[in-house]
Every structure is written in structure tokens, then in C-alpha cells.
Amino acid sequence: DHFMDGLEQGKSEQEIMEELGTVEDVLDNIRMMHDLPGGDNLKENLEELSDTFMDALHTVSGAVIKGINSAVTNISENQESNLSSLEGKLDNPKEIRILTSQSHCDILIKYGSKLSYQFQPVFSLFSSRQASLNIEEGEATQFTIKDGSAKLILSVPQTVTAIYAEIYSGDFIIRDVACADFDIRTTSGDIEFEEIQTDAVSLTTTSGDIKLKQSQASRFQLSVKSGDIECEECNGDITAGSTSGDIDIRHHEGIALEAQSTSGDMDIRTSAHDIHLKSTSGDIDIHCSSFITFCKAQSTAGDISLCGS
């Protein structure tokens with residue numbers, strides 16, 4: 001109810017969580033409500049409850065956001081709306097920047113011989129304003145989406161060297177694009193990469209999953225607070241971290257692999273020579289397909305298994 005009421009009032013996920021106070025504040029309230037005694041056992045129990053409570057906050061808030069976004073999509077598909085769409089072609093830039101402000105926007109980026117865009121506002125449950133798109137052209141062409149809900153499709157040529165995005169809410173999908181640098185950050189939404197060739201990839205989401213498939217980079221940096229990380233048939237060094245979620249890496253080729261999860265299991269299938277894995281609460285399953293130079297796996301409360309072909 002606390003999350004739903006806040007979202008209906010137009011508050012962000014971060015604002016809603018901040019209203020709850022710190023984890024210590026919540027635990028103090030629980031102690032007073034139940035007249036709990038002090039002592040070392042209580043301290044240990046509260047620390048365990050603190051971890052569990054924080055994981056639950058991230059999971060619940062992420063589920064609420066996804067449920068609402070799904071409802072918005074379903075309603076919009078059944079609405080006869082005269083919302084105007086935009087499309088056009090632009091001069092090819094060196095960089096592309098995408099910013100969304102207080103807007104839910106699903107974004108798809110794919111290969112094209114020339115930079116072009118399609119922008120479609122959609123019906124929104126929580127905003128009376130129609131989503132708007134502003135384009136600033138130059139060596140770095142910037143797309144800014146404000147208010148409401150929308151869908152944006154970009155066709156990107158190989159001459160683009162970098163793509164940067166800061167997304168307030170919405171899924172971000174990139175397919176079959178070659179680019180030197182990707183830096184994608186979302187507050188709420190999934191990030192999907194497929195058939196990507198690049199030098200460096202940095203993907204960060206507060207609430208959502210990260211999925212990579214058949215992609216190549218010198219280094220992947222992946223970070224999730226609440227959500228899973230999945231990599232399949234990726235080539236390059238990987239650094240992955242999830243506060244609450246599983247990390248699943250399959251058919252990976254590279255020199256180095258580093259992964260860390262506070263609450264979640266790891267399933268690793270790799271040919272990397274240098275491996276560092278750590279989980280506070282979760283199992284670690286490692287299957288190596290080549291000779292290992294160094295492997296360190298640590299789990300505070302979970303099992304560890306290692307095998308090789």
C-alpha cells in the first residue's frame with residue numbers, strides 16, 4: 001500500500017523508499033512494537049533482518065514498477081488515441097545521447113545506414129501530459145523525452161562511436177549495433193544487448209534485469225541493485241555485481257571474470273583464466289572449460305562447486 005499510494009501521488013521509487021527512513025529506523029520501530037529484549041542474539045537477528053528487509057524493499061519496489069508499466073502498456077494498446085507520432089532522418093553524429101525526465105519510455109536501438117527515429121507517445125495512467133521529444137543536433141545528437149509515456153526507436157549507422165543514455169523508467173534494448181562505447185543507466189527497467197560489437201560496455205540499473213547475448217567487448221561492466229544478470233555467448237572481460245539477484249554467465253570467453261552478489265546465486269560457465277567470485281548469501285557453481293590461472297570463490301552462507309572439462 002505504501003508503494004502504490006506513493007506512485008499514485010507521482011512520487012519516484014527513490015522518494016518512496018526514503019520516506020520509510022533508514023533500515024535502522026525501521027528495525028527500531030519493529031523492536032518497540034514487539035517489545036524485543038536487547039543482547040547479542042538480538043543484534044545478530046536484527047542484522048539478518050536488516051539484510052532481508054533491504055532485499056525485500058528492492059524486490060517489491062521493482063515488482064510494483066513493472067506491474068504498473070505492464071498495466072500502462074495493456075491499456076494503451078486498447079485505447080483509440082489521437083496521440084501524434086514523430087519520425088524523421090538526421091545527419092549522422094559521432095555520439096548519441098538519450099535523456100528521459102519523469103517519463104516512462106521504452107527504447108529500441110538497431111542498425112541503420114543513416115540515423116533515423118520513430119517516436120510514439122502512448123497512454124499514461126499517471127500523467128495528464130503527453131510525452132514530448134526534443135532533438136538537439138550536432139557532433140553529439142541528444143534526444144530528450146519529458147513527461148508521460150512513449151516508445152522511441154532509433155536506427156544507428158556504424159559511424160556513431162558512442163551511445164550514452166540516462167533513463168528514468170523504461171526498457172532499453174540494443175540489437176546488431178557496432179559502436180566503440182556504450183554507457184547506459186536506468187532507474188527502473190530492463191537492459192538487453194544482443195549481437196553488439198564494442199570496446200567498452202557499462203550498464204547500470206537500480207531495478208531491472210540486465211541481459212547480454214552474442215556480444216563482444218574488451219570489457220563489460222554490469223551493475224544491478226535489484227535484478228538478475230544474464231550473459232550468454234559473450235566475449236570479453238566481465239565485471240558484474242548484483243545486490244539482490246542471480247548472476248548467470250554461460251559460454252563466456254575472456255581473460256578475466258569478476259562477479260559479486262549480496263543475495264543471489266551464481267551459475268558460471270567460462271573459459272576465463274582469472275576468476276573472482278563472491279556471494280554473501282547464495283550458492284556458487286563454476287564450470288571452467290580451460291586451464292585456470294587463478295580462481296577465488298567465496299560465499300558466507302552458501303555452497304560452492306567447481307568442475308572443469
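Quick caveat, the model's predicted, so the values are computed rather than measured.
- Under the 4.5 Å side-chain heavy-atom criterion for Ile, Leu, Val, Met, Phe, Trp and Tyr, Leu86 and Val156 are members of the same hydrophobic cluster.
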>> Please evaluate residues Phe172 and Ile98 with respect to the criterion side-chain contact (heavy atoms from CB on, under 4.5 Å), reporting the C-alpha separation (whole Å), side-chain torsions for both, the decisive distance (0.1 Å), and the verdict.
In response: CA-CA 11 Å; Phe172 195 98; Ile98 305 171; 4.2 Å; yes
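- Note on Leu133 and Leu90: same hydrophobic cluster, where clusters join Ile, Leu, Val, Met, Phe, Trp and Tyr whose side-chain heavy atoms are under 4.5 Å apart, directly or indirectly.
- Contact detail for Ser116 and Lys89: the closest heavy-atom pair is CB-CG, 3.9 Å.
- Ile153 is not connected to Phe143 by any chain of hydrophobic side-chain contacts under 4.5 Å among Ile, Leu, Val, Met, Phe, Trp and Tyr, and they are in different clusters.
- For the atom pair CD1 of Ile238 and CD of Gln221, the computed distance is 11.5 Å after rounding to the nearest 0.5 Å.
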>> Let's go through Thr144 and Gln142 carefully: what are the C-alpha distance in whole Å and the side-chain angles of both, what is the deciding distance for side chain to side chain donor-acceptor pair (under 3.5 Å) to 0.1 Å, and is it a yes or a no?
In response: CA-CA 6 Å; Thr144 303; Gln142 179 168 305; 3.2 Å; yes
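- Within 6.0 Å of CD in Gln197 there are 12 or fewer heavy atoms belonging to other residues, nucleotides or ligands.
- Remark: side-chain polar atoms of Asp228 are not paired, donor with acceptor, to backbone N or O of Gly245 under 3.5 angstrom.
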>> Is there a side-chain contact (heavy atoms from CB on, under 4.5 Å) between Asp209 and Ile229? Walk through the geometry before answering.
In response: CA-CA 6 Å; Asp209 298 332; Ile229 296 175; over 6 Å; no
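- Of the possible donor and acceptor atoms, none in the side chain of Thr280 sits under 3.5 Å from a partner among the backbone N and O of Thr300.
- Between Leu222 and Cys231, the shortest heavy-atom distance links the atoms CD1-SG, 3.6 Å.
- Within the model, atoms CD1 of Ile255 and CZ of Arg219 stand 10.5 Å from one another, a figure rounded to the nearest 0.5 Å.
- Side-chain atoms of Lys146 never come within 3.5 Å of backbone atoms of Thr100 as a donor-acceptor pair (strictly under, hydrogens ignored).
- Closest heavy-atom contact between Ala150 and Phe119: CB-CE1, 3.5 Å.
- Atom OG in Ser261 sits 11.5 Å away from atom NZ in Lys278 (nearest 0.5 Å).
- Put simply, the side chain of Ser215 gets close to the backbone of Ile196: a donor and an acceptor are under 3.5 Å apart.
- Nearest heavy atoms, Pro157 versus Ser113: CB-O, 3.6 Å.
- Ser103 places a side-chain N or O within 3.5 Å of a backbone atom of Gly148 that can act as its donor or acceptor partner.
- Both Leu306 and Met266 belong to a single network of hydrophobic side chains, linked directly or stepwise wherever heavy atoms of I, L, V, M, F, W or Y lie under 4.5 Å apart.
- With sequence neighbours excluded, no residue satisfies side chain to side chain donor-acceptor pair (under 3.5 Å) with Asp283.
- The side-chain contact (heavy atoms from CB on, under 4.5 Å) with Leu154 is formed by just one residue from the set Val177, Ile109, Val160; it is Ile109.
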>> Test side-chain contact (heavy atoms from CB on, under 4.5 Å) on Cys288 and Ile275; report intermediate values, then the result.
In response: CA-CA 10 Å; Cys288 300; Ile275 303 172; 3.8 Å; yes
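- Using a 4.5 Å cut-off between side-chain heavy atoms of Ile, Leu, Val, Met, Phe, Trp and Tyr, with links allowed through other members, Ile107 and Ile135 fall into the same hydrophobic cluster.
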>> Applying side-chain contact (heavy atoms from CB on, under 4.5 Å) to Leu108 and Arg175, what does each step give before you reach the verdict?
In response: CA-CA 8 Å; Leu108 170 62; Arg175 295 196 180 107; 3.9 Å; yes
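- With rounding to the nearest 0.5 angstrom, the CG atom of Asp199 is 10.0 Å from the CZ atom of Phe182.
- Under the side-chain contact (heavy atoms from CB on, under 4.5 Å) rule, Leu277 has a single partner from Ile249, Ile284, Ile304, Ile247, which is Ile284.
- For the residue pair Ser85 and Pro121, the shortest heavy atom distance occurs at CA-CD, 4.2 Å.
- Ring pair Phe193/Phe220: centre-to-centre distance not below 6.0 Å.
- Here OG of Ser242 is found 11.0 Å from CG of Asp265. Values are rounded to the nearest 0.5 Å.
- Of all non-hydrogen atoms in Ser223 and Ile210, the two that sit nearest each other are O-CD1, 3.7 Å.
- Side-chain contact check for Leu203 versus Leu212: some heavy-atom pair is nearer than 4.5 Å.
- Within 6.0 Å of NZ on Lys114 lie more than 12 heavy atoms contributed by other residues, nucleotides or ligands.
- Remark: His104 NE2 to Ser149 OG distance equals 5.5 Å, nearest 0.5 Å.
- Within 6.0 Å of atom CD in Glu137, more than 12 heavy atoms from other residues, nucleotides or ligands are found, so the atom counts as buried in its surroundings.
- The side-chain hydrogen bond (donor to acceptor under 3.5 Å, both in side chains) test with Thr186 singles out one residue from Thr204, Thr206, Thr205, and that residue is Thr205.
- Sorted by first then second residue, the ring-ring contact (aromatic ring centres under 6.0 Å, His included) pairs that include residues 247-266, not counting sequence neighbours, number zero.
- Salt bridge status for Arg269 with Asp285: present, with a side-chain N to carboxylate O gap under 4.0 Å.
- Panel note: side chain Asp190, backbone Gly208; no donor-acceptor pair is recorded below 3.5 Å.
- By the 4.0 Å N-to-carboxylate-O rule, Glu232 lies close enough to Arg250 to be salt-bridged with it.
- In this structure, the side chain of Thr198 engages the main chain of Ala180 through a donor-acceptor pair within 3.5 Å.
- Proximity of a side-chain donor or acceptor of Asp171 to a complementary backbone N or O of Asp106 within less than 3.5 Å is not detected.
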